[in-house]
*Asks:* 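Can you keep this structure in mind? I'll have questions shortly.
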Amino acid sequence: MALAFCGDEGNSTAYNVDHGVLNNGCFVDALNVVPHVFLLFITFPILFIGWGSQSSKVHIHHSTWLHFPGHNLRWILTFILLFVLVCEIAEGIVSDGVSESRHLHLYMPAGMAFLAAITSVVYYHNIETSNFPKLLIALLFYWTLAFITKTIKFVKFCDNGVGFSQLRFCLTGLLVILYGMLLAVEINVIRVRRYVFFKTPKEVKPPEDLQDLGVRFLQPFVNLLSKGTYWWMNTFIKTAHKKPIDLKTIGKLPIAMRALTNYIRLNEAFEAQKVCKASIWRALCCAFGRPLLLSSTFRILADLLGFAGPLCISGIVHNTKIIGVFFISSQEFLSNAYVLAVLLFFALLLQRTFLQASYYVAIETGINLRGAIQTKIYNKIMQLSTSNMSMGEMTAGQICNLVAIDTNQLMWFFFLCPNLWAMPVQIIVGVLLLYYLLGISALIGAAVIIVLAPVQYFVATKLSQAQRSTLEYSNERLKKTNEMLRGIKLLKLYAWEHIFHSSVEETRQKEMTSLKSFALYTSISIFMNAAIPIAAVLITFVVHAHLTRKADFSPSVAFASISLFHILVSPLFLLSSVVRSTVKALVSVQKLSEFLSSEEIGEEHDKSSELRSGDNHSKYQAVVSNCLICRKKKSALKLVFCFLFLSTLAQITNGFFTWTPEGPPALSNIDIRIPQGQLTMIVGQVGCGKSSLLLAILGEMQKISGNIFWSRCTRKRKRGSVAYASQKPWLLNATVEENITFESPFNKQRYKAVIDACSLQPDIDILPHGDQTQIGERGINLSGGQRQRISVARALYQQTNVVFLDDPFSALDIHLSDHLMQEGILKMLREDKRTIVLVTHKLQYLPHADWIIAMKDGNIQREGTLKDIQKSETELFEHWKTLMNRQDQELEKTIIESKTVLERTNLRRTMYSREALLKDDEEDEEEVTESDDEDNLSSVLHQRAKMPWSACGKYLSAAGILLLPLLVLSQLLKHTIMVAIDYCLALWTSDDFNHSRYSKVFSILCCLGIVLCLVTSIAVEWTGLKVTKKLHSSLLNKIILAPMRFFETTPLGSILNRFSADCNTIDQHIPATLECLSRSTLLCVSALAVISYVTPMFLIALVPLAIMCYFIQKYFRVASRDLQQLDDSTQLPLLSHFSETVEGLTTIRAFRYEAKFRQKLLEYTDSNNIASLFLTAANRWLEVRMEYIGACVVLIAAVTSITSCLYNELSSGLVGLGLTYALMVSNYLNWMVRNLADMEIQLGAVKRINGLLKTEAENYEGLLSSSQIPQNWPDRGEIQIQNLSVRYDSNLKPVLKHVNAHISPGQKIGICGRTGSGKSSFSLAFFRMVDTFEGRIIIDGIDIAKLPLQTLRSRLSIILQDPILFSGTIRFNLDPEKKCTDSMLWEALEIAQLKHVVKALPGGLDAIVTEGGENFSQGQRQLFCLARAFVRKTSIFIMDEATASIDMATVNIFTSPGSCELLLTRDTLFSLAVLFPKVSKALEGQLRWSVKGKLASRIMSPVWWTGQVRKLEGLKLESRK
């Protein structure tokens, strides 16, 4: 066959120019080649030589600077141009089909134009990013020449009578328009940029984002091709495979996407809506509606293009023949099967691109919206009234839910929002096309789907209810688990593990019942999603074949209809999700509206007058005016004080303050002044309103009446920054240094002085990274005293003129308290003439006070100096004097400079073992012995790329022997039946005569398929239920029986996460992911198998496609897992910052640090948003590539099927079958990889829980049986300690060494010694809470090592330093075992001085105790713990510094000797050792000496005590005397 540009050389008409050169069609086509050759000739050298580095004068980090006008329009026009040129090439080839020779001029110019168009856009992109506009002159010439030559061809077509009926005429006209528009775009660039034909070109600067090296999220800046295919992510994905992704890798957000930018946009919309009093919805739509409209447009276009699949399948199966004429019409062109295959390929590419663009724009808008709302919520928190928080109207949990859940609900609503408009369009078009193909029978099938849609909605509603119910029970279980873990030491000491274990298990059973409902409705939902298309197809085809016998039931109709039914089911299945999401969004907006309208704090002092300290005149006026107030309110003595103390920092006159507007005043008749530059102390009994007074001065309480005045020196008409240390220490989740400096500049000298004043250096030395050690949330990894001292250190470090300290000594021993008072408060603060307001119970410090405010029952009892009070209030002064257990004399340095404290010892143990534990966790069970660094890095990278198959095996093996085979077999059988159904349909539609036989077989197979759909969905959910029940039960049993050492070395949050996040993943997520993964994988495998069976040639093309898929999924899984973890890990600091802010709101506002904390929030929000955006972009990157590969599968399957049909006489039914399955691959390929990545992340939960299941339990069994132990043991309380040595762990040093002692029955013993000397360890040894590796303890003749742990611990009583109460009733807290009568409980409460408190409560003994006992004060909680111990009535009774939070007046009540034996520890000796006839001294882990009760009266004197300690330490006695 000859090949020539104008066809056969013998064909003289091809070269005939008698009517003019331009009337020769071949010459005109040759002329059209000239512009394309020109462009290729000019641009290729420039593209290969390069110019970027030499020409660009602007230094930018990224090659993405798109700054020429009309940039997006140029790309869109170029894409359209390329598509039209492909059509022109195809038209030329098809129209040349009948000729014996090949006329190259019919398609070669179009081919050259296609190549030139690609070159033009590549050339343009390089010029634009390199900022060298002068080279665009080449494109100007090219578009001009192309426009002229194509116009000549179009004109000649018109002259020769070629019209719209011919496709070539239409394509030429389109090309003229496109070249003309591209020429106009080029001229516009010259007009705007003036790079040629103008004397002065326009200078432009790159945007700030592109000059910032930290901005790596480039989606807003790249060209349309890169935007649509996420090409810019390639480098990122490859980098992620080489090294783990962190915040540094992903960089910063572009300015337009930052939380601050979006917040300003949202706030402006809110302000605009306030004027017309419109809703929040309108504000949200005003701020973020435009991108949502764009997303909806993309979605509708994608859905419409989705119908190209069924239509093209119908056309291909119907037209498996080749036609060819010289000039062809559009209809003839579209009758060519190969043309339809290519058009289907392009339609799929475009559809997937639009769909992913719609998803991306919607999610990006949702993320921006979430960031803006979170910022708005935070700003509102900063202005919230404290009463909202303290009185429970707005809890920290509710606010965190608003941030974590409701903002996400709105984000996901915005993501699903485009479906609201797209779904109706999809359903209407789908039904119309089905009617066009099948007639009236299609409406019956569509009716089945539409009728079942409400059932789907009902199931979805029930599923949502079950999920909500599960969540409620899950929260209750987690609350109980949290309480159990926080109080685990008490539970073990009291042998109450079984009670709390049963309580958690009981709640878990309720949760499991709810989970069963959830699993049932999930399986029904999965079943309906799979079965509805089968049922619709079955009914439609049977009706169509039997009722409409003359109707067309060809393969083209059947397989196009199947594809349409699958398309129709998707929106109806989504409907329930969209409706649920809409309802949740409405609820969230309502909650948000209520929160934003809640009461804000008022700046009362801005409205009132102020004290002036300027010239003498103003000073005199201020004093006189104040004294007038004083004269009305107080005695003449107060008037004198007003004149004496001219310098006043703050003053309250006639103040009445409350926490709630409706409630009674918490503070009444408040008339006080705070002298400037002096030490003011506020004293009074527990609950008298001392802390409330501080908060009232700070403006945190609601003022009923009165005035608060601040002097001018604080700031003009406003209170300045106040360094405030609250009673409950508030710490940031940051380093020790950051907690102390608290956003202030670092001053090394001052920092060291503060550390010394607060005695923090020994604690810092113990921490693994010194003062750079990260403090856990709420200071969870520190003791109470350490938290208190860091909180006080923060206040001392600040350079503010005013310092408020609320009970800073409550958690400190006497040495630390004295040191802090002397070095910190008196030396650092008072000597600097700073104003100090100190709330305290330590009355021994009153002589240091310049001014004293005594409170009682919310009123000011007395105000003045100590001398004034001594003169005027003799009775009050005497009362104080009796409560002072020592005079204010400094302790000698030897005692104060104690090297370690017990809490430091505990901290050392904890940190030491925690580091070791973390190292153990990092070692994977499959990991080989470590080699050099390079090998280790490669093994880590290998582990990151590897699927956790072992965890998957453990999950499936937990299902049991019966369920696992059922699960596997049902899935395989189901997909086999599905293939059989479609194969039967292919045979049926190819045979026009045997409708009856085929319809019966088809019906049986469909019914079997529906049954198997139900079986598989139930099997998956049933498996999930069995696994989750088994894993939780095993985990709870292991944890509750774990030794105390495990809880000391494992962070509480880590254990709680196993019960919360990991259990939730196993409960609800893994079964669904497993089902989706198995379904999508088996669908893809069965589809590829069917295509390969229909056209074996497909296998050749399958190999490279499979290799591409493998590498794409491999790279994606690693990046996706890292980004998912980063998304989760960046969300935690954000939520933590919210909860920290809510808890420390008073402190933040006192310091006036609102702006700094807002800035922190913006950083955290941006970090979370950038991680979410990268994760979204990575998902889109995967889906675009997988769907493009799916489109390639469709193209190859179509081409091979058509070829086989033409030359091998393949039946059209099998062609339809192959193409339908090819479309299925394109739909499910990306789901397979996404679910694989999700499963990999979720299996991490199984792996972590299995790690905890290896924990060794305590040995609860004893050598003695219950019959060998007397019922009333120990009845006397005789204790023999023989050569006792104790350690906390086998790899740690002993804390007690060779201790010997004998304690007679009925004695009352006080254990004393330096902090950290082993007193608490000594008491824990009685309960076998520590490792006794040598010696023994014998109680009433029985070695406690031989007793079962449950028996031993249930027969002794202990009160711990930290008061622990559980949520429930007072009765439950006192007697969870339900062994005592009401009279016994009231008796214990009476001893503990709580009877009157409990009687006043509604319900008495059945009154509710909130979580942690938060509805009682710290002192009352301690008293409840005392009462709990009294209830047990054991003969051995241990107290571990049990009166730390109780004021001295209450402590003095416990003076009468009881019937219990008391072992007192630590600084309780100074206040309580005088009561007991015997005191033992423990030092450095060895019992040194003991003294008899006759010395007790002298022990009260600290001077005597100091001297005795020094003398007796010098004796170095090793045993008791």
Side-chain angles (χ1 to χ4, degrees), residues 306-307 309-311 313-314 317 426-427 430-453 455-456 526-548 551-573 974-991 995-1014 1079 1083 1086-1087 1090 1212-1224 1227-1228:
F307 291 109
L311 293 174
I313 286 176
S314 177
V317 175
Q426 208 173 3
I427 291 166
V431 170
L432 288 173
L433 286 175
L434 274 171
Y435 182 75
Y436 168 75
L437 289 171
L438 294 169
I440 196 73
S441 55
L443 298 178
I444 298 169
V448 170
I449 295 174
I450 292 166
V451 165
L452 287 173
V455 180
Q456 275 184 303
I526 292 167
F527 160 68
M528 291 186 74
N529 192 32
I532 285 173
I534 302 172
V537 166
L538 170 64
I539 293 167
T540 304
F541 287 171
V542 169
V543 169
H544 187 74
H546 288 85
L547 297 183
T548 54
D552 178 21
F553 194 49
S554 62
S556 61
V557 170
F559 287 103
S561 302
I562 285 179
S563 296
L564 282 169
F565 274 121
H566 280 291
I567 288 172
L568 202 57
V569 165
S570 299
L572 291 169
F573 183 69
K974 173 189 145 185
H975 285 89
T976 307
I977 293 292
M978 293 299 174
V979 173
I981 290 168
D982 292 330
Y983 185 73
C984 176
L985 185 64
L987 297 176
W988 180 10
T989 52
S990 299
D991 189 344
H995 281 318
S996 178
R997 183 164 63 91
Y998 278 117
S999 66
K1000 285 176 185 175
V1001 174
F1002 185 74
S1003 300
I1004 291 166
L1005 286 172
C1006 284
C1007 292
L1008 198 57
I1010 289 170
V1011 171
L1012 281 168
C1013 284
L1014 183 61
R1079 178 161 47 89
L1083 275 168
S1086 57
V1090 167
S1212 55
L1214 289 176
V1215 173
L1217 179 68
L1219 287 177
T1220 305
Y1221 272 83
L1223 271 179
M1224 200 183 290
N1227 285 326
Y1228 286 103

*Asks:* Could you measure the distance from the CG atom of L1014 to the CD1 atom of I526? Nearest 0.5 Å is fine.
*Replies:* 11.0 Å

*Asks:* If you measure from CD1 on I534 to CD1 on I562, what distance do you get to the nearest 0.5 Å?
*Replies:* 10.5 Å

*Asks:* Which of these passes side-chain contact (heavy atoms from CB on, under 4.5 Å) with L564: L432, I313, L437?
*Replies:* L437

*Asks:* Can you see which heavy atom on I567 is nearest to which on F307, and at what distance?
*Replies:* CG2-CE2, 3.8 Å

*Asks:* State the SG-CZ distance between C1013 and R1079, to the nearest 0.5 angstrom.
*Replies:* 9.5 Å

*Asks:* How many angstroms lie between OG in S314 and CG in L311, if you round to the nearest 0.5 Å?
*Replies:* 7.0 Å

*Asks:* Here's a test for you: under side-chain contact (heavy atoms from CB on, under 4.5 Å), which of L1219, V1215, L985, L1223 qualifies with F559?
*Replies:* L985

*Asks:* Verify side chain to side chain contact (heavy atoms under 4.5 Å, CB included) between T540 and I444, making sure each step is shown before the conclusion.
*Replies:* CA-CA 6 Å; T540 304; I444 298 169; 5.6 Å; no

*Asks:* Who are the side chain to side chain donor-acceptor pair (under 3.5 Å) partners of N529, not counting sequence neighbours?
*Replies:* none

*Asks:* With sequence neighbours excluded, tell me which residues meet side-chain contact (heavy atoms from CB on, under 4.5 Å) with S1003.
*Replies:* L538, V542

*Asks:* Are M978 and L1012 close enough, and set up right, to give a side chain to side chain contact (heavy atoms under 4.5 Å, CB included), and what steps lead you there?
*Replies:* CA-CA 10 Å; M978 293 299 174; L1012 281 168; over 6 Å; no

*Asks:* Please state whether the rings of F565 and F541 are parallel, tilted or perpendicular, taking 30° and 60° as the class boundaries.
*Replies:* perpendicular

*Asks:* To the closest 0.5 Å, what do you measure between SG (C1007) and CD1 (I977)?
*Replies:* 11.5 Å

*Asks:* Side chain to side chain contact (heavy atoms under 4.5 Å, CB included) for L434 and S561? Distances and angles first, verdict last.
*Replies:* CA-CA 6 Å; L434 274 171; S561 302; 4.1 Å; yes

*Asks:* Assess whether side chain to side chain contact (heavy atoms under 4.5 Å, CB included) is satisfied between Y983 and L1214, documenting all intermediate values.
*Replies:* CA-CA 8 Å; Y983 185 73; L1214 289 176; 3.7 Å; yes

